[in-house]
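The next block holds one structure in the form of structure tokens; read it before the comments.
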Amino acid sequence: MTFVITTPLYYVNDKPHLGSVYTTIICDSIARYKRLAGEDVIFITGVDEHGLKIQRTANEKGIEPKSHCDEISEVFNNNWKNWNISFDKFIRTSSKNHEFVVNEFYERVKASDDIYMGVQKGWYCVGCEEFKDNPENSSTYKCPIHQKNLEWKNEENLFFRLSKYQKEIEKIINEPSFIEPIERKNEIINFVSRGLKDFSISRTNVSWGIPVPGYDNHTFYVWFDALLGYVSAISADATEHSLEKSINGGWPADVHFIGKDILRFHAVYWPAMLISANMKVPKKVFGHGFLTREGQKMGKSLGNVLDPDLLLTKYGNDPVRWYLIKDISLGNDGDFQDKRFVDIINNDLANTIGNLLNRTSSMSRKWFDNKVPNNEKILSENKLENSAKIAVENYIYNFDNYKLDLAANEVLSLAINTNLYLNDNQPWLLIKDKDNLPLVKQIIYNVLESTRIIGLLLIPLLPELSTKINEQLGSIYREEIPWKQQLSWGLLVSNSSLPKPTPIINKLEYEQHL
Ligand code: MSP
């Protein structure tokens, strides 16, 4: 089965920030999980290159929008490679294939009689590339998100008949699994209940965009163009019939992951556009929360923007992934705190998981000739086996329901339980009496087996650390055997060799200013 997952297509006005890294890491984990579960995944990311905002950014730099976009798109592409993101498609909305798709799509919408010429008047935020609902209620006329002045627009634009789709949209947004999390769904239901208004899909003052066929100085509104990037990404290499190739190649998306500020575009405008073009709507739109830093909104003016590159070079990929996935409940806002970050990595990854593996492997090597001991199966009730079974079940349930923080916590709980088991049984005391040898073998086998399962469960979450755990246990993971099958208890081979342990993760030092 094909599973299509998307990140937002990021604006290329600036390099990636922590918010974009967050969404992309979440999608990467889910994509890895689905691949391990045997699904045929298309993981789409990319960049949103057109529009007034990008045109102005390039102008300010004194260069052509195209060269600006070439440069920043490359930064994004390389950035995701540096973060070890397993994307399958990287779409640029300035690409030729994308333009084909937008044109073909527009023709379909026009054929449904959903396009007409009108006059668009209103207050516009260039940062959001969006007309604001009720700025007359605001004394400042500033965008609440960007804190920048809104601009008055009054021009002839082509409109899309969104109002025609009121009933269909109401039905879609009320479907139980279409919008997550639930609080976001209620916001959208309220918005739609106020009545949908047609919106403009072309601009006359923006040259950096896809030209609208038949209307000389009109380019497509950047959102009309950008949302289609999710579709064109699927047929990225096609040169003709691109829309059809995308439709046959995996559309509709299973899930769009986005931030809460752009939910309306994805959960309301986008499905209506798709219905108009006789296409299927995405199965789910997940609006995650916003990241703050030490409790404050991150912003250039506040001087507290956390550069993800700095985090990556200083601490590595897995620590950042662990913090963002495990410490933030997906859907809620989350806070990045430097001290908490260091504490969590040291406690969870270095002490609880890293030390567990290291000390057990050392004991096993010392007592059992550098090998995994024999699985003696002498205990009638195997507590650790039960813990592992429960952890695996809960982990799968949570991952399937996009509760990644809970899935990560299941792995951590199993590691904590395994440490407790080791400390309760104290094999280092038991070994002093030769009669206890079978029991010690059983205990050590259990602990190593539990760490094997921990390593497997970490593959989608922490690809690098899980590889190191696997190597430390003698490279026992078999790609050719279904991953879920390998999560069963007891598959660690008795008397197999254990390589010399090295620390799988180093402890971090806390520094006041990152
Ligand atoms: N280009 C549009 C998306 C088009 S999708 C067809 C866009 N781009 S963006 O670069 O401005 O934003 C990308 C994503 O970053 C959005 O999902 C937005 O919600 C998210 N975030 C922006 N600031 C954020 C945080 N502080 N924290 C988490 N995510 C944040 O919008």
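Each ligand, and each atom within it, is numbered from 1 in the order the structure gives. Worth knowing before you read on, the calculation uses all heavy atoms, side chains too, and leaves out hydrogens, waters and symmetry mates.
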**Report entry** Polar atom proximity, Tyr11 to ligand 1 (N or O, under 3.5 Å)
**Finding:** yes
Report task. With heavy atoms only and a cut-off of under 4.0 Å, state how Lys297 meets ligand 1: side chain, backbone, both or neither. Result -> neither
Query raised in the report: For ligand 1, which atoms have a heavy atom of Pro8 less than 4.0 angstrom away?
Result: 14 (C), 17 (O)
Requested in this report: Report the nearest protein non-hydrogen atom to atom 17 (O) of ligand 1: residue, atom name, distance rounded to 0.1 Å.
Outcome: Gly259 N, 2.8 Å
Query - Salt-bridge contact Asp28-Arg321 (side-chain N to carboxylate O under 4.0 Å) - result: yes
Query raised in the report: Within less than 4.0 angstrom of ligand 1, does Ala226 place any heavy atom?
Result: yes
Report summary line: heavy-atom search around atom 30 (C) of ligand 1 in the protein gives Phe290 CE1, 3.8 Å
Query raised in the report: Which ligand 1 atoms does Trp223 reach within 4.0 Å, using its non-hydrogen atoms?
Result: 2 (C), 3 (C), 4 (C), 5 (S)
**Report entry** Side chain, backbone, both or neither: the part of Tyr230 lying under 4.0 Å from ligand 1 by heavy atom
**Finding:** side chain
Requested in this report: Provide the closest heavy-atom pair for Leu9 versus Val47 in the form atom of the first, atom of the second, distance.
Outcome: CB-C, 3.9 Å
Report task. Scan Glu155, Glu156, Glu151 and name whichever one has a salt bridge (Lys or Arg N to Asp or Glu O under 4.0 Å) with Lys153. Result -> Glu151
Report task. Please determine which of Asn77, Asn84, Asn78, Asn79 meets the side chain to side chain donor-acceptor pair (under 3.5 Å) test together with Lys81. Result -> Asn77
Query raised in the report: Is the backbone N or O of Leu457 less than 3.5 Å from a side-chain atom of Tyr395, with the two atoms forming a donor-acceptor pair by type?
Result: yes
Requested in this report: Number the atoms of ligand 1 from 1 as they appear, then name those within less than 4.0 Å of a heavy atom of Ile262, with their elements.
Outcome: 3 (C), 16 (C), 17 (O), 31 (O)
Query raised in the report: Which of the numbered atoms in ligand 1 are below 4.0 angstrom from a heavy atom of Asp48?
Result: 1 (N), 2 (C), 4 (C)
Query raised in the report: What residue and heavy atom of the protein are closest to atom 18 (C) of ligand 1, and at what distance?
Result: Asp261 OD1, 3.3 Å
Query raised in the report: In ligand 1, which numbered atoms sit nearer than 4.0 Å to a non-hydrogen atom of Leu291?
Result: 25 (C), 26 (N), 27 (N), 28 (C)
Report task. State whether Asp198 and Arg161 are salt-bridged, where the test is any N-O pair (Lys NZ or Arg NE/NH1/NH2 against Asp/Glu carboxylate O) under 4.0 Å. Result -> no
Report task. Determine, using heavy atoms of Tyr22 and all atoms of ligand 1, whether some pair is separated by less than 4.0 Å. Result -> no
Report task. Would you mind checking which non-hydrogen protein atom is closest to atom 12 (O) of ligand 1, with the distance to 0.1 Å? Result -> Tyr10 CD2, 4.5 Å
Report summary line: Residue, atom and distance of the protein heavy atom nearest atom 22 (C) of ligand 1 read His17 CE1, 3.6 Å
Query - Check: Glu129/Tyr124 side-chain N/O donor and acceptor closer than 3.5 Å - result: yes
Query raised in the report: Do the non-hydrogen side-chain atoms of Ile172 and Tyr165 ever get within less than 4.5 Å of each other?
Result: no
Query - Donor-acceptor pair, side chain of Asp327 and main chain of Tyr323, under 3.5 angstrom - result: no
Query raised in the report: If you measure from atom 28 (C) of ligand 1 to every heavy atom of Gly19, Gly287, Gly229, Cys128, which option wins on shortest distance?
Result: Gly19
Query raised in the report: Would a 4.0 Å cut-off, counted as strictly less than, catch a protein heavy atom around atom 8 (N) of ligand 1?
Result: yes
Query raised in the report: Do Lys260 and ligand 1 have an N or O pair less than 3.5 Å apart?
Result: no
Requested in this report: Record the part of Met298 in heavy-atom contact with ligand 1 below 4.0 Å; permitted values are side chain, backbone, both and neither.
Outcome: neither
Query - Distance-only polar pair, side chains of Tyr221 and Asn157, donor-acceptor under 3.5 Å - result: no
Query raised in the report: What atoms of ligand 1 come closer than 4.0 angstrom to any heavy atom of His288?
Result: 28 (C), 29 (N)
Query raised in the report: Between Phe265 and Trp223, does the ring centre distance come in under 6.0 Å?
Result: yes
Query raised in the report: Can we call the ring centroids of Phe199 and Tyr269 under 6.0 Å apart?
Result: yes
Query raised in the report: Judged by modelled atom types alone, do Asp400 and Tyr33 share a side-chain donor-acceptor pair under 3.5 Å?
Result: yes
Report task. Answer yes if a protein heavy atom lies under 4.0 Å from atom 20 (C) of ligand 1, otherwise answer no. Result -> no
Query raised in the report: Mind checking whether Ile258 has an N or O less than 3.5 Å away from an N or O of ligand 1?
Result: no
Query - Contact (N/O only, under 3.5 Å) between Ser20 and ligand 1 - result: no
**Report entry** Short N-O contact, Asp70 and Arg92, less than 4.0 angstrom
**Finding:** yes
**Report entry** For the student: nearest non-hydrogen atoms of Gly250 and Thr2, plus distance
**Finding:** CA-CG2, 4.3 Å
Requested in this report: Please say whether Gly289 places an N or O atom under 3.5 Å from an N or O atom belonging to ligand 1.
Outcome: no
Query raised in the report: Which residue owns the protein heavy atom closest to atom 3 (C) of ligand 1, what's the atom, and how far is it?
Result: Leu9 O, 3.3 Å
